[in-house]
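Written out below as structure tokens is the structure these notes cover.
Reminder, nothing fancy here: chain letters follow the sequence lines and each chain counts from 1.
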Amino acid sequence: MEKTVRLNLKGSPPVEVSAQGLNGFEALKALSTDNMEKMAAIKINGEIKDLSAEINSSAQIEPVYTTSEEGLQIVRHSAAHVMAEAVKDLFPGVKVTIGPAIKDGFYYDFDYERRFEAKDLPDIESKMAEIIDKDLAFIRSEVPREEAIDLFKAQGEPYKVELLEDLSEEKVSIYRQGNFTDLCRGPHVPSTGKIKAFHLTNVAGAYWKGDEHNAMLSRIYGVAFADQESLDAHLKNLEEAKKRDHRLLGRQLDLFTIRDDVGPGMVIFHPNGAMLRHILEEFMIREHLKRGYELAQGPQLLKTELWKKSGHFDHYGEHMYFTSVEDQSYGIKPMNCVAHMLIYSSKLRSYRELPKRYFELGTVHRHERSGVLHGLIRARQFTQDDAHILCTHEQLKGEIKSILDFVRDIMAIFGFDYHLEISTRPTKSIGTDEDWERAIHALIESVEEHNLPYQINEGEGAFYGPKIDVMLKDALERSWQCATIQCDFALPDRFDLTYVGADGEKHRPAMIHRVILGSIERFLGILIEHYAGAFPVWLAPVQSIVLTITDRNIPYGEDLSKTLFGAGIRVETDFRNEKLSFKVREAQMKKIPYMLVVGDKEMETGHVTVRLRDGRNLPSMSPGELIDRIRGESEKRR
RNA sequence: GCCAGCGUAGCUCAGCAGGCAGAGCAACUGAUUUGUAAUCAGUGGGUCGGGGGUUCGAUUCCCUUCGCUGGCUCCA
């Protein structure tokens, strides 16, 4: 008797069909699903499979379209295979390695006698288009691992062989389209013709298996979307995002410069930029004092002996700057912790004093590798809103939780979304297993009690303890570590920090390093991109500008600007002999929130006409009303 | 640090199969006294990132070095 299976599709009545030769495609057809053309794959009992996957028992099925995020990932992965085929075709002798789907697109890493260049991309794209036109089927097969090793050896693909040798599975899946066979878990779209819109974006070097001791491969990046419109929209978005680049806005808004002749990674803040960071720093000092932190301030240079004692010399020395004076070696601080340890140890501490929270806007220097510098976001000199908390082990979790509250409150003010990453013990580290366990638990429990989602980065912790990193995104959606909370059981030990407990005995305190903004420079960089340079009134280095119509209005304009300045409002003037439209345009490009127009009419009434940055005009108002408005907005931090 | 690309006026960029270095904006000078995103005219401005080489001649080709951009690695 013929076997039948029952297929369930959400929103349709179940269907009984013959199991003979039934696959995903046939099953969806049997249920007369719409849009077969846009089908990338199928979910069988929630598991994503090729459309060609066999179905031999009753199942819940669901189509996966190329327009969905899951479907797009499959399209992108398939595009990577097509690119690999095109590259193998154009560059005989090239060796393939890995090629996954990533956000918005895909990449594939190749090993070839020369590096690929941007000018190779159009040829590769054309060849890919040919392969797509042929609408070649992606054919999955499962083979014993040993057989796959022989297959890739025969094809002269040592990287694939290496990958296979590291696998423990007995059977592996391989996919073939046209002349190209790849080791791959899948799934894939049914045929190359499903790839409707792609573009190769750039080439880059990448180490095999992400290890800098391995060979440098040639990586080609591409993007792929369900249709040409989505691809065009994505490319346009990228162009728009590039206009928010803080390095570009930094010049346009006259915030800062970074110059070759000063040194890479060293920032010069111009008055507007310096005002911006002053506002931010003052704000952060107040927020810390409110939460029971005490101000501290350490020196910029500390004797090298001290850096040896703290462990920085051994573990971080290659990133430090050293200098020598009167035969005495000094190191410029790359971190602020040492002075804070010395403040703690300057006298005998009682458990009644704990926790101690030392806060410093500490400027540090770190010799970052040249290739990683990135405007304000990755600099060699920067200032941290840094604090070190010394507490009992019992207080540790409570302190971590209140830091998470602090982070949440501050990020809400700026309107930042963030995600958390918890890093565990690296191979090169110090401290006892017990200390590490205890610290990691405190971190994880605190995050979980806040109901915050997080990811774990195994082995990514600092050498002295585990950490929680708070990640923010820049205009191009790249993630950067800003706030960080790091446990440290090493430094209290090295500096022999103690407190006298209720039992009259000496105990070792626990310690937390933490920053909220992270680096003021980095945070500013992200902030500039976040607001696209149009800072809210409370942050705007210039809050208002007085624009005169004719020279007759200058004395009145002077009075107005003095009144505003006296009320604590940051005001500039533009009394030049130019047309109003010209002055408005310039103020607009400087993204000044309040443009204050004064002409004969305003002089008569003693009022001011206000144009906002968004183009709106407010009814004319008295200087007093204007001051109230700007102050009110600043207080609300809008 | 590694891979690829790029360094021309204050800024954005053109130019160059090797033959006296250009535009727009900005700056400066003058005219204009102006009502919500660019008034007009004129003037000055460059060791073509630095060093070396090839050449009669290099901004252009080659080497090297510094820096920048995008990745990779790193990121206490």
Side-chain angles (χ1 to χ4, degrees), chain A residues 107 109 114-121 201-221 242 245 247-248 251-252 254 257-265 310-312 315-316 318-320 333-338 364 366-375 378 384 386 423 426 460-465 467 469 476 478 480-481 484 486 488 490-491 513-515 518-519 522 547-554 575-590 595-602 609-613 615-617:
Chain A
Y107 68 78
D109 286 348
R114 68 167 174 89
R115 310 293 172 190
F116 293 120
E117 298 166 18
K119 49 176 172 285
D120 296 321
L121 299 184
T201 50
N202 56 318
V203 293
Y207 300 106
W208 168 235
K209 290 183 174 171
D211 185 335
E212 67 177 317
H213 304 295
N214 287 342
M216 172 68 66
L217 307 170
S218 230
R219 174 173 298 179
I220 302 177
Y221 282 96
K242 281 182 188 160
D245 189 316
R247 293 162 300 187
L248 189 66
R251 188 163 46 236
Q252 284 170 3
D254 201 12
T257 45
I258 299 173
R259 304 165 45 117
D260 305 6
D261 53 357
V262 172
S310 69
H312 289 82
H315 291 93
Y316 201 66
E318 57 186 317
H319 295 282
M320 288 179 66
K333 67 173 173 177
M335 275 161 248
N336 302 300
C337 28
V338 170
V364 297
R366 297 180 184 176
H367 183 258
E368 303 283 2
R369 294 217 263 183
S370 59
V372 305
L373 300 175
H374 183 79
R378 193 90 185 254
Q384 297 177 296
D386 202 2
S423 299
E460 302 271 301
F463 76 85
Y464 52 74
K467 58 176 185 168
D469 290 328
L476 287 174
R478 292 172 291 209
W480 298 94
Q481 177 201 310
T484 182
Q486 312 185 338
D488 188 338
L491 222 43
H513 307 246
R514 46 103 293 179
V515 287
S519 133
R522 172 175 292 182
L547 311 176
T548 46
I549 306 282
T550 81
D551 289 355
R552 283 194 301 284
N553 312 126
I554 291 176
F575 296 161
R576 290 175 303 172
N577 173 14
E578 295 288 353
K579 285 168 68 173
L580 180 63
S581 55
F582 180 84
K583 298 185 187 183
V584 165
R585 178 170 190 271
E586 292 209 339
Q588 194 76 47
M589 289 195 306
K590 289 183 188 166
M595 285 163 244
L596 312 175
V597 178
V598 295
D600 294 343
K601 280 187 287 188
E602 287 73 18
T609 300
V610 178
R611 178 195 160 102
L612 300 176
R613 182 168 52 189
R616 276 188 299 152
N617 276 298

Residue list, salt bridge (charged side-chain N to carboxylate O under 4.0 Å, His left out) with A:Lys242, at least two apart or on another chain: A:Glu239
Value in whole Å for how far the P atom of B:G35 lies from CG of A:Leu580: 7 Å
Heavy-atom donor-acceptor pair, A:Gln588 side chain to A:Arg613 backbone, under 3.5 Å: yes
Sequence-distant partners of A:Glu368, salt bridge (charged side-chain N to carboxylate O under 4.0 Å, His left out), two or more places apart: A:Arg378
For A:Asn202, side-chain hydrogen bond (donor to acceptor under 3.5 Å, both in side chains) partners two or more places apart: none
Touch class at under 4.0 angstrom, heavy-atom based, for A:Gln252 against every strand present: nothing
Identity of whatever pairs with B:A26 - Watson-Crick or G-U, under 3.5 angstrom: none
Under-3.5 Å donor-acceptor pair between A:Arg366 side chain and B:C74 base: no
Using a cut-off of under 3.5 Å, enumerate the N/O to N/O pairs linking the protein to nucleotides 9-13 of chain B.
from, atom 1, to, atom 2, distance (Å)
B:C11, O3', A:Arg251, NE, 3.4
B:U12, OP1, A:Arg251, NH2, 2.6

B:G70 OP1/OP2 closer than 4.0 Å to side-chain N/O of A:His374: yes
Residues touching RNA chain B, which here means a heavy atom under 4.0 Å, drawn from residues 595-602 of chain A: A:Val597, A:Gly599, A:Asp600, A:Lys601, A:Glu602
Along RNA chain B (nearest heavy atom to each residue), the more 5'-positioned of A:Arg247 and A:Gln588: A:Gln588
Donor-acceptor under 3.5 Å (A:Glu602 side chain, A:Gly599 main chain): yes
Given B:A37, B:C74, B:G71, the nucleotide with the shortest approach to the side chain of A:Arg378: B:C74
Inter-nucleotide P distance (B:C48, B:A58), Å rounded: 12 Å
Side-chain donor/acceptor of A:Arg369 to base of B:U73, under 3.5 Å: yes
List, with names and distances, any nitrogen or oxygen atoms from the protein found under 3.5 Å away from nitrogen or oxygen atoms belonging to nucleotides 61-66 of chain B.
none

Touch class at under 4.0 angstrom, heavy-atom based, for A:Asn202 against every strand present: sugar-phosphate
P gap between B:A9 and B:C2, integer Å: 28 Å
With sequence neighbours excluded, residues passing salt bridge (charged side-chain N to carboxylate O under 4.0 Å, His left out) with A:Arg259: A:Asp261
Test item: A:Thr201 side-chain N/O and A:Tyr221 main-chain N/O as donor-acceptor pair under 3.5 Å: yes
Nucleotide nearest A:Ala204 (side chain, heavy atoms from C-beta), chosen from B:A4, B:A26, B:G71: B:G71
Candidate pair A:His513 and A:Tyr464, rule ring pair (Phe, Tyr, Trp, His ring centres under 6.0 Å), full reasoning: CA-CA 11 Å; A:His513 307 246; A:Tyr464 52 74; 4.8 Å; yes
Sugar-phosphate only, base, or nothing, as touched by A:Tyr221 at under 4.0 Å among non-hydrogen atoms: sugar-phosphate
Inter-nucleotide P distance (B:A14, B:G52), Å rounded: 28 Å
With A:Leu121 via side chain to side chain contact (heavy atoms under 4.5 Å, CB included) - residues at least two apart: A:Ile124, A:Leu200, A:Val203, A:Ile220
Gap in Å between the two P atoms, one belonging to B:U47 and one to B:G22, rounded: 15 Å
C1'-based separation of B:C3 from B:A37 [nearest Å]: 44 Å
Sugar-phosphate, base or nothing in reach of A:Asp488, heavy atoms under 4.0 Å: nothing
Base partner of B:C2, which must satisfy Watson-Crick or wobble distances under 3.5 Å: B:G71
Of residues 205-214 of chain A, the positions that come close to RNA chain B - non-hydrogen atoms, cut-off under 4.0 Å: A:Gly205, A:Ala206, A:Tyr207, A:Gly210, A:Glu212
Rounded P spacing from B:G7 to B:C13 in Å: 10 Å
A:Arg478 vs B:G70: side-chain N/O to OP1/OP2 distance below 4.0 Å: yes
Sugar-phosphate, base or nothing in reach of A:Thr609, heavy atoms under 4.0 Å: base
Sugar-phosphate, base or nothing in reach of A:Ser581, heavy atoms under 4.0 Å: sugar-phosphate
Between B:C74 (P) and A:Trp480 (CH2): distance, integer Å: 14 Å
Separation of atom CZ in A:Phe116 from atom P in B:A4, rounded to whole Å: 12 Å
side-chain hydrogen bond (donor to acceptor under 3.5 Å, both in side chains) partners for A:Glu460, two or more places apart: none
Integer angstrom distance from the P of B:U55 to that of B:C74: 47 Å
Residue-phosphate contact under 4.0 Å: A:Arg611 side-chain N/O, B:A37 OP1/OP2: yes
Straight-line distance of A:Met320 CE to A:Arg366 CZ, nearest 0.5 Å: 10.5 Å
Test side-chain hydrogen bond (donor to acceptor under 3.5 Å, both in side chains) applied to A:His312 - qualifying residues, sequence neighbours left out: A:Ser310
Partner set under salt bridge (charged side-chain N to carboxylate O under 4.0 Å, His left out) for A:Arg522, not counting sequence neighbours: none
Rounded distance in Å between the P positions of B:G18 and B:U59: 13 Å
Carboxylate-amine/guanidinium proximity below 4.0 Å for A:Asp120 and A:Arg114: yes
